[in-house]
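Each remark here refers to the structure printed beneath this line.
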Amino acid sequence: MLSRLNQVQRDAVTHLDGPLLVLAGAGSGKTRVITHKIAYLIEQCGYEPRNIAAITFTNKAANEMRARVGELLKNTNTKGLMVSTFHSLGMNILRAEAKLLGYKPQFSIFDSSDTWKIFSELSNSADKQEIRDMQTQISNWKSAFVSPEQAAELAENDEAKVRARHGAAKPTGAGVAASHLLTQTAGCASNVSKVHARIYARYQETLRAYQAVDFDDLIHLPVVLFKQHPEALLRWQLKLRYLLVDEYQDTNDCQYQMIKLLADMRAALTVVGDDDQSIYAWRGASIANLHNLREDYPKLRVIKLEQNYRSSQRILKVANHLINHNTKVFEKKLWSDHGIGDPIRIYAARDDEHEAESVVMKLMSHKFEHSTRFADYAILYRSNHLSRAFEEQLRAQRVPYTVSGGTSFFDRAEIKDITAYLRLIANPDDDPAFIRAITTPKRGIGNTTLEKLGSYAGERHISLFDAAFDAQVQHELQPRQHEELMLFCNFINRIQDRADKDPCAELLDELLRAINYETWLYDSHDPRQAESKWKNVEDFIGWLKRKAEADEKSLIEMVQTVALINMLEGKDQEPDAVALSTLHAAKGLEFPHVFIIGAEEEILPFRDSDEKQVEEERRLMYVGITRAERSLQISYCSRRKRGKDWMSCEPSRFLEELPKDELVYAGGHADAVPTVTKDEGMDKLARLKAMLSKPVTE
């Protein structure tokens with residue numbers, strides 16, 4: 001098994017004498033190290049699979065890891081092995097220990113659309129940006145392990161500091177007006193924090209009333225649990241005797257504390273990360289968590305994976321040269337034996353439309369010349385708005401493409417409709433699920449009925465479902481509405497009574513028949529749309545059945561699993577299409593040929609970035625460069641349209657940080673080599689197409 005690894009990878013796999021940090025450069029085989037170490041622990045070291053947990057950030061990564069371990073241990077029973085995301089681990093801990101925190105094991109997991117409604121109601125606001133800011137602030141507080149009480153204290157302290165700072169010296173003359181304006185501005189920011197802190201407290205109370213948690217709670221609450229209940233922590237420390245953590249540079253404070261608590265003094269721990277790929281500070285990730293390991297674990301061993309199995313030597317030289325402009329705690333240098341590779345091309349376009357035309361033309365020409373697939377190409381950018389011109393050009397040339405960050409399968413209306421029923425069966429206190437389920441399909445219960453029911457439930461601090469069974473409600477509703485209400489609630493009760501006993505597949509089929517969802521789709525949508533939506537529902541139900549059977553899970557357990565999954569397993573292979581993706585979303589992916597576009601000041605690096613943020617933006621550029629296997633082109637515009645106005649653009653400072661001897665310039669750059677015109681390029685492309693379409697003769 002170990003013969004497939006290089007010497008440094010073998011050292012990482014076989015090291016068991018204390019905690020280990022594996023500094024894994026891009027494309028250096030980190031997943032191979034983690035999966036082989038799991039197999040090594042089980043086959044060679046006598047660990048039981050149920051005592052090992054491998055933790056990562058995405059379901060896709062967890063699924064890949066699980067599949068690779070399965071290949072390595074084909075003849076070994078791995079039942080009980082935990083390969084999961086942080087959120088799945090948190091969910092399992094909360095489900096097992098729910099009563100200690102005052103929750104039912106069947107708690108609901110609210111997604112961003114569910115919490116959006118709560119924030120909108122608590123703030124009495126319809127301003128989307130205001131609600132988004134509120135969600136972000138409270139999410140950041142939870143990630144930093146800040147309680148509502150601590151948030152309120154922080155807000156008070158911030159306000160006091162503002163007053164002290166601006167009251168320390170009395171300005172004179174024109175300075176009076178400036179000081180007053182500054183105090184007002186700073187005071188506004190402080191007031192916003194105080195409002196957010198108040199909303200935070202009420203938000204947590206609302207979630208608890210619904211017996212629900214949000215995604216941040218899945219990490220936050222287990223840490224609360226472990227700190228408040230040492231006996232629960234001990235149970236999980238004894239259960240998880242060896243921890244492996246992927247992408248450690250992306251952990252936030254809460255995730256760091258969870259791992260530290262679980263690892264305890266035993267420190268049977270391997271973490272894998274790369275400080276050069278830390279690009280998620282904006283969502284709470286802290287690169288300091290990598291550096292703090294040395295303080296927390298004085299016996300920490302550090303092993304560097306520097307051999308890259310993905311990219312050409314030129315691409316790695318450019319990447320190393322760029323990232324060396326950042327301050328570093330851990331030095332490493334990627335190298336490869338894949339050959340020198342093509343020069344890196346820097347293209348200066350006149351404007352964004354010209355940039356899109358040029359990139360798409362070069363992409364198509366390259367594809368026809370080298371007989372590659374569309375899926376071999378990626379167009380990467382800093383911000384989503386940059387994709388629009390490229391989508392237009394790709395559509396005009398009939399080039400298939402996919403866009404990262406598109407609508408998730410689980411975000412489709414028809415899937416959320418069915419999921420609402422499942423959530424309500426799992427947790428009748430889930431009011432958002434109750435409202436969606438009882439109104440879809442329509443069943444004679446309108447807003448008036450729900451408003452009366454909501455007022456009654458609110459006055460008594462009970463759920464809408466519980467309120468429906470109260471005798472007083474019957475007198476406040478019309479007989480027809482009350483009858484429909486009871487039919488619905490009794491149906492949910494009947495399914496719920498069987499949810500932990502009867503086969504999941506049987507209950508799912510019964511649910512679809514009972515609510516008559518297919519008929520409702522065809523009654524309320526045009527036939528083609530209805531057919532597409534019903535096919536999605538059938539795929540979803542089929543996946544649930546297979547997953548429940550494979551994992552031996554009840555309907556209740558499947559509901560909580562669904563809340564954490566972002567994509568269907570077992571879907572068809574990725575289509576042969578050009579990938580359009582943000583640089584953030586491209587992390588972890590690789591493509592033979594990569595175009596990085598919009599390499600301009602105020603885009604990459606992003607505008608108003610301070611020194612610390614510029615270092616993260618440089619890491620983001622580094623991530624983009626290291627996605628490329630064989631060829632890389634970077635482009636920028638001389639001007640770009642913003643609204644109705646044209647704005648002059650400056651090339652990104654990162655371009656100046658690349659080694660000049662590895663670059664070839666084209667387009668409007670001062671050092672550009674001669675290039676073909678658009679008409680010449682399109683003519684060449686047409687000739688290639690014609691040549692490829694000719695029949696082969698002997």
Salt-bridge present (Glu629, Arg310; N to O < 4.0 Å)
no
Should Glu590 and Arg627 count as an ion pair when the cut-off is N to O under 4.0 Å?
no
For Arg618, the salt bridge (charged side-chain N to carboxylate O under 4.0 Å, His left out) test, sequence neighbours excluded, returns Glu657
NZ or CZ of Arg283 within 45° of Tyr280 ring axis and under 6.0 Å:
yes
Return the minimal non-hydrogen interatomic distance between Cys254 and Ile219, and the atom names on each side.
CB-CG2, 3.7 Å
Closest contact, heavy atoms only, Ala356 versus Phe390
CA-CE2, 3.5 Å
If the plane angle is over 60° it's perpendicular, under 30° parallel, otherwise tilted; pick one for Phe330 and His291.
tilted
Between Lys641 and Asp645, does at least one N-O distance fall below 4.0 Å, as a salt bridge requires?
no
Give the C-alpha distance, both sets of side-chain angles, the deciding distance and a yes or no for side chain to side chain contact (heavy atoms under 4.5 Å, CB included) between Gln633 and Ile344.
CA-CA 6 Å; Gln633 176 174 294; Ile344 312 306; over 6 Å; no
Of the non-hydrogen atoms in Ser143 and Asp216, which two are nearest, and what is the gap between them?
OG-OD1, 3.9 Å
Side chains of Arg345 and Tyr665 only: does a donor on one sit below 3.5 Å from an acceptor on the other?
no
When rounded to the nearest 0.5 Å, the distance separating CG of Leu386 from CG of Leu580 is 11.0 Å
Under 3.5 Å, is there a donor on one side chain and an acceptor on the other for Thr85 and Ser88?
yes
Counterpart residues, ring pair (Phe, Tyr, Trp, His ring centres under 6.0 Å), relative to Phe86 (two or more places apart)
Phe57
Are more than 12 heavy atoms, taken from residues, nucleotides or ligands other than Glu650, located less than 6.0 Å from that residue's CD atom?
no
Closest heavy-atom pair, Tyr622 versus Leu334, reported as atoms and distance to 0.1 Å, is OH-CD1, 3.2 Å
Exercise: identify the closest heavy-atom pair between Leu244 and Ile34
CD2-O, 4.1 Å
I'd like to know if the side chain of Ser311 reaches the main chain of Ala628, judged simply by a donor and an acceptor atom lying under 3.5 Å from each other, with no hydrogens or angles considered.
yes
Roughly how far, to the nearest 0.5 Å, is CG of Leu380 from CD1 of Ile596?
6.0 Å
Can you check whether Tyr248 reaches Ile259 side chain to side chain, under 4.5 Å on heavy atoms?
yes
Between Arg653 and Glu601, does at least one N-O distance fall below 4.0 Å, as a salt bridge requires?
yes
Stepwise side chain to side chain contact (heavy atoms under 4.5 Å, CB included) check, Phe595 with Ile634
CA-CA 6 Å; Phe595 295 84; Ile634 305 171; over 6 Å; no
Between Glu617 and Arg382, does at least one N-O distance fall below 4.0 Å, as a salt bridge requires?
yes
Taking Asp376 for its side chain and Arg373 for its backbone only, find out whether a donor-acceptor pair lies under 3.5 Å.
yes
Can a salt bridge be assigned to the pair Asp276 and Lys332 using a cut-off of 4.0 Å between side-chain N and carboxylate O?
yes
First locate atom CE of Met361, then atom NE2 of His354, and finally report the distance between them rounded to the nearest 0.5 Å.
7.5 Å
Reported CD1-to-CD1 distance for the pair Ile279 and Ile287, which is rounded to 0.5 angstrom:
11.0 Å
Which is it for Val271 and Leu293 under the side chain to side chain contact (heavy atoms under 4.5 Å, CB included) test, yes or no, and what are the steps along the way?
CA-CA 10 Å; Val271 302; Leu293 284 166; 3.5 Å; yes
Look at the side chain of Gln613 and the backbone N and O of Asp610, then say whether any donor-acceptor pair between them is shorter than 3.5 Å.
yes
Less than 4.5 Å apart, side chain to side chain, heavy atoms only: is that true for Gln257 and Asn252?
no
d(Met621 CE, Glu616 CD) to nearest 0.5 Å is 15.5 Å
State, without any angle test, whether Ser139 and Gln135 hold a side-chain donor-acceptor pair at a distance under 3.5 Å.
no
Is there a donor-acceptor contact under 3.5 Å from the side chain of Ser532 to the main chain of Arg528?
no
When you check the side-chain N and O atoms of Ser28 and Gln307, is any donor under 3.5 Å from an acceptor?
no
Excluding sequence neighbours, so at least two apart, what forms side-chain hydrogen bond (donor to acceptor under 3.5 Å, both in side chains) with Asn289?
Thr251
Polar side chain donor-acceptor pair, Ser581 to Tyr381, under 3.5 angstrom:
no
With no hydrogens and no angle check, just 3.5 Å: does a side-chain donor-acceptor pair link Asp11 and Gln7?
yes
If every non-hydrogen atom of Val22 is compared with every non-hydrogen atom of Ala12, which pair is closest and at what distance?
CG2-CB, 4.0 Å
Within the 3.5 Å criterion, strictly below it, is a donor on Glu600 or Ser652 matched to an acceptor on the partner's side chain?
no
Please check if any side-chain donor atom of His338 sits under 3.5 Å from a side-chain acceptor atom of Ser312, or the reverse.
no
Using a strict 4.0 Å threshold on nitrogen-to-oxygen distance, state whether Asp352 and Arg639 make a salt bridge.
no
Does any N or O in the side chain of Asn308 come within less than 3.5 Å of the main-chain N or O of Ala26, such that one atom is a donor and the other an acceptor?
yes
Does a donor on one side chain sit under 3.5 Å from an acceptor on the other, for Gln137 and Asp133?
no
Mind running side chain to side chain contact (heavy atoms under 4.5 Å, CB included) on Asp661 and Lys317 for me, showing each step along the way?
CA-CA 11 Å; Asp661 57 329; Lys317 180 179 177 180; 3.0 Å; yes
So does Asp274 pair up with Lys304, basic N to acidic O under 4.0 Å?
no
Looking at Phe215, is Lys142 sitting on its ring face, NZ or CZ under 6.0 Å from the six-membered ring centre and within 45 degrees of the normal?
no
Answer yes when Asp246 and Lys30 have at least one side-chain N-carboxylate O distance shorter than 4.0 Å, and no when they do not.
yes
Asn6 and Tyr309: side chain donor to acceptor below 3.5 Å
yes
His366 side, atom NE2; Phe368 side, atom CZ - distance, nearest 0.5 Å
13.0 Å
